[in-house]
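First the structure, in the form of structure tokens, and then the observations on it.
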Amino acid sequence: MNDPYSTLTRKLFAAPEHVAASGGEPDTGSSVYTEAQGVRIRLSAVVAGGLITELRFRASGCPHVIAACEWLCRSIEGKPVEALGEFKPAAIMQALAVPVAKTGRILVLEDTARALGERLSRTQDS
Amino acid sequence: MSGDWIYLDYAATTPVDPRVLEAMQEHLAIDGRFANPSALHPAGRSSAAAVQKAAEAVAQLVNCDPGRLIWTSGATESNNLAIQGVARARSHHGKHLVTMPTEHKAVTDVYKALEADGFELSWLAPEATGVLDPAALEAVLRPDTQLVSIMYVNNETGVVQDVASLGRICREHDVAFHVDAAQAVGKLNVDIAALNADLVSISAHKLYGPSGIGALYVRKRVGLNPDPLMFGGAQQGRLRPGTLAVHLIAGFGAAAMLARESLVDDFAHVKALRDRLWQGIRSTPGLTLNGDLASGYPGILNVSAEGLDGESLLLALEPLCVSTGSACNSQSQEPSAVLRALGVPDEQAESAIRFSFGRMTTEAEIDAAAELYGQAVRSLRALMPEAA
């Protein structure tokens with residue numbers, strides 16, 4: 001069997017740089033927790049001037065899920081809050097060569113990102 | 001250590017012992033005994049003698065008549081030949097079959113196929129330790145029961161079944177008894193004569209022999225002639241036709257001879273390594289042992305780390321080569337059926353890692369494995385979120 005992980009997946013899994021410092025943050029205006037498909041993900045953000053200045057994750061799941069969380073954080077940081085809602089699972093699937101059988105797990109990340117985006121937007125509006 | 005990795009997956013396959021490799025090389029080239037052993041010419045007769053010598057070595061290892069061994073491609077084929085062959089040959093007497101969910105897929109999948117083909121199947125649940133209570137077997141046997149399959153040593157947990165007692169019950173009820181002994185032969189003192197077994201599956205690549213060769217012991221008994229799975233020649237009494245792979249058989253024979261010589265030393269070696277590894281990792285928070293240290297085969301240690309994903313743990317453990325569940329299951333994302341049958345919750349089963357050791361494993365490798373395991377668990381736990 002060939003290596004089931006791409007070079008990028010291995011790199012992001014082995015040394016994620018966007019792991020949140022604490023796993024026990026409550027569901028606040030800047031943090032969302034999702035659990036489905038055997039995957040658990042928490043995303044949290046710091047926003048300044050409409051831009052996501054920090055995006056952090058904590059996750060439990062397969063290597064592709066952990067690598068995908070890191071990839072998402074790297075891709076979104078520095079962009080407007082709306083970028084979380086525009087996140088396309090297909091982009092991660094392609095970038096990390098995620099097997100089709102794991103699509104559901106990446107969709108859990110999409111749901112978490114969108115939920116965080118909506119929450120951050122509400123916080124900005126209020 | 002090989003340099004690139006630390007190999008602790010001996011239950012999946014063992015490396016070929018250099019002495020086995022040497023024995024095999026004699027049967028490959030023009031200046032060796034490579035000829036078809038069915039041929040009547042001198043070269044063929046020389047190959048036939050090598051095959052006979054190997055059969056005697058394997059038979060000595062398991063205490064059986066060498067004439068009752070059928071060469072196969074490995075334990076999967078041996079299991080198929082035993083189960084399909086006997087079930088179909090005896091189907092006019094009855095169609096009730098018995099096995100356990102903790103068997104290897106090379107057994108359970110054959111039984112499921114027979115069930116789909118009109119046979120009736122009873123699944124025997126083990127106790128929490130993984131061991132089958134002989135009374136549970138006796139309770140399920142019926143006048144139309146034709147075949148029971150119970151493995152000797154479990155490939156995922158190392159649990160050892162009391163196959164002699166189970167075989168005695170089968171014999172008292174005139175039911176054919178098949179034992180998948182792939183993980184036992186060459187590791188425990190397997191005495192087929194004492195097992196009350198009618199059919200025993202053996203594999204060479206679990207005992208430092210080559211992949212691609214195994215054997216099925218078939219007891220001489222009225223009404224116990226398996227139907228062949230393949231057709232196409234008169235070899236092996238037409239039960240398993242095809243030209244014999246002399247180099248593989250010779251390797252199997254050499255491996256069997258070595259295993260017989262080093263059985264006691266090998267057992268003591270893997271037990272010491274298993275105990276050393278367990279001491280090295282047992283203080284890991286949230287660690288659970290799957291199986292039983294006291295009664296299990298010590299060449300296998302199966303542990304779970306609470307809350308972790310087995311696939312991530314496996315990758316974080318590299319360059320350590322271990323398994324989640326059985327190697328044959330590694331492409332499945334389902335938790336191990338074996339651990340489920342032991343009552344292990346799915347979350348615990350999903351983080352199960354099987355370490356398995358062998359003749360070539362060193363203490364330094366075990367110490368490195370313990371260190372890597374601790375590091376991997378810590379690093380993955382550092383990523384885990386807490387629930388909302």
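Below, chain A is the first sequence line, B the second, and so on; all start at residue 1.
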Can you check whether B:Glu386's main-chain N or O pairs, donor with acceptor, with A:Arg42's side chain at less than 3.5 Å? yes
Side-chain donor or acceptor of A:Arg58 paired with backbone N/O of B:Ala382 under 3.5 Å: yes
Minimum heavy-atom distance between B:Asp309 and A:Pro63, given as atom pair plus value: OD1-CD, 4.5 Å
Any chance CD of B:Glu306 has more than 12 other-residue heavy atoms, nucleotides or ligands included, within less than 6.0 Å? no
Residue from A:Cys62, A:Pro16, A:Ala14 scoring the most non-hydrogen pairs under 4.5 Å with chain B is A:Cys62
Identify the heavy atoms of B:Glu311 and A:Tyr5 that sit nearest to each other, and give their distance. OE2-OH, 2.6 Å
Less than 4.5 Å to any heavy atom of chain A: does that hold for the side chain of B:Glu347, its backbone, both, or neither? neither
Greatest number of heavy atom pairs closer than 4.5 Å to chain B - which of A:Cys69, A:Gly38, A:Ser60: A:Ser60
Heavy atoms only: give me the nearest B:Ser312-A:Phe13 pair and the separation to one decimal. O-CZ, 3.4 Å
